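Quick notes on the structure that follows.
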Amino acid sequence: MSILNILRYPDPRLHTIAKPVAVFDERLKQLVADMAETMYEAPGVGLAASQVDAHIQLVIIDVTETKDALQVFINPEIIWASAELQVYDEGCLSVPGIYDGVERHAEVKVRALDLQGQPFEVAADGLLAVCIQHEMDHLLGKVFVEYLSPLKRNRIKAKMVKEIRGLEREAALRAQGRRF
């Protein structure tokens, strides 16, 4: 297993629409294992393949405190959503350090495939429902900050660009053997 690089907003690759998974092989299982290691290390409760530059319809989630109940959703689709909405403070591994309220369906029912390609359904509420909707947005090329006002979104974008430039400068100095 290995830690994967998580794309950071506003990377344009985050807006790529994911393609359905057609092949259920060892490469897919390895990607899931690597994504799980990456998500737990980050730490996070969900990760979409799009966030690690693998643009397939694959989402992993573990909302437990013990981090021992990984759920894998392949080619997920929401087949029912409640009329009731809720606002939940969301964050994202692709937008580190930023949290804001996003309105989503309070309950959802999802149909997906498991790692063997077998269909299953899950009814979710609370954090799991929010996480499912958030991660499925990634598969559609959408990042949670797009639900925020243009002013907030632009401030977040400017902050992320500044942070990315700082990280790139640090990496360049390290490559030159300089201390900072």
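Small disclaimer: the values here were computed from a predicted structure and weren't measured. Reckoned from all heavy atoms, side chains included, excluding hydrogens, waters and symmetry mates.
- Checked for salt-bridge contact, Lys29 and Glu26 meet the test: a charged N lies under 4.0 Å from a carboxylate O.
- Here Leu140 contributes atom CG and Ile17 contributes atom CD1; the two are 7.0 Å apart, rounded to the nearest 0.5 Å.
- Of all the heavy atoms in Ala129 and Ala106, the pair that sits closest is CB-O, 3.7 Å.
- Within 6.0 Å of the CD atom in Glu121, the count of heavy atoms belonging to other residues, nucleotides or ligands exceeds 12.
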request  = Step by step, work out the side-chain hydrogen bond (donor to acceptor under 3.5 Å, both in side chains) result for Tyr40 and Asp62.
outcome  = CA-CA 9 Å; Tyr40 289 132; Asp62 186 345; 2.6 Å; yes
query = Does the side chain to side chain contact (heavy atoms under 4.5 Å, CB included) test come out yes or no for Ile56 and Leu28, once each step is laid out?
reply = CA-CA 10 Å; Ile56 59 172; Leu28 182 64; 3.9 Å; yes
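- Hydrophobic cluster membership is shared by Met39 and Leu58, with clusters built from Ile, Leu, Val, Met, Phe, Trp and Tyr side chains linked at under 4.5 angstrom.
- Side chain of Asn75 to backbone of Val21: a donor-acceptor contact under 3.5 angstrom is found.
- Side-chain atoms of Leu139 and Pro76, non-hydrogen and from C-beta on, do get closer than 4.5 Å to each other.
- A distance of 4.0 Å separates CE of Met160 from CD of Glu163, quoted to the nearest 0.5 Å.
- Counting non-hydrogen atoms of other residues, nucleotides and ligands closer than 6.0 Å to NZ of Lys67 gives a total above 12.
- Between Asp53 atom CG and Leu7 atom CG the span is 5.0 Å, to the nearest 0.5 Å.
- Cation-pi geometry between Lys159 and Tyr9 is not met: the NZ or CZ atom fails to fall both under 6.0 Å from the ring centre and inside 45° of the normal.
- Taking CD from Gln86 and CD from Glu107, the interatomic distance works out to 9.0 Å, rounded to the nearest 0.5 Å.
- Both Val102 and Val143 are part of a single hydrophobic cluster, where members link through side-chain heavy atoms under 4.5 Å apart.
- Atom NZ of Lys109 is surrounded by 12 or fewer heavy atoms from other residues, nucleotides or ligands within 6.0 Å.
- Interatomic distance, CD1 of Ile132 versus CG of Leu127, reported as 9.5 Å (0.5 Å rounding).
- Taking 4.5 Å as the limit, some side-chain heavy atom of His55 sits within range of a side-chain heavy atom of Arg13.
- Under the 4.5 Å side-chain heavy-atom criterion for ILVMFWY residues, no single connected hydrophobic cluster contains both Ile74 and Met136.
- Considering only residues two or more places apart in sequence or on other chains, Tyr99 meets the ring pair (Phe, Tyr, Trp, His ring centres under 6.0 Å) condition with none of them.
- Two different hydrophobic clusters hold Ile61 and Val32 under the rule that ILVMFWY side chains link at heavy-atom gaps under 4.5 Å.
- Closest approach of Val63 and Cys131 over heavy atoms only: CG1-CB, 4.3 Å.
- Listed here is the closest heavy atom pair of Gly101 and Val87: CA-CG1, 3.8 Å.
- For the pair Glu37 (side chain) and Asp34 (backbone), a donor-acceptor distance under 3.5 Å is absent.
- Once rounded to the nearest 0.5 Å, the distance linking NE2 of His105 with CH2 of Trp80 reads 9.5 Å.
- Remark: the backbone N or O of Leu148 is paired with a side-chain donor or acceptor of Arg153 at under 3.5 angstrom.
- Shown are Glu135, Met35, Arg8; of these, the side chain to side chain contact (heavy atoms under 4.5 Å, CB included) with Gln51 is made only by Glu135.
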query = Does the pair Asp137 and Gln133 meet the rule for a side chain to side chain contact (heavy atoms under 4.5 Å, CB included), with working shown?
reply = CA-CA 6 Å; Asp137 274 353; Gln133 293 170 84; 5.8 Å; no
message = The test is side chain to side chain contact (heavy atoms under 4.5 Å, CB included); show your working for Arg104 and Phe144 and say whether it passes.
response = CA-CA 11 Å; Arg104 297 196 185 267; Phe144 92 97; 4.3 Å; yes
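- Here the side chains of Ser50 and Thr16 are not in contact, with every heavy-atom distance at 4.5 Å or above.
- Looking at Ile98 and Cys92, their side chains never come closer than 4.5 Å, going by heavy atoms from C-beta outward.
- Residues Val59 and Val108 fall within the same hydrophobic cluster, defined by Ile, Leu, Val, Met, Phe, Trp and Tyr side chains chained together at heavy-atom separations under 4.5 Å.
- Contact between Ile164 and Pro10 at its shortest, heavy atoms only, is CD1-CD, 4.3 Å.
- Looking at heavy atoms from C-beta onward, His15 lies in side-chain contact with Glu146 at the 4.5 angstrom threshold.
- Here the closest non-hydrogen pair linking Leu93 and Gly46 is CD1-O, 3.9 Å.
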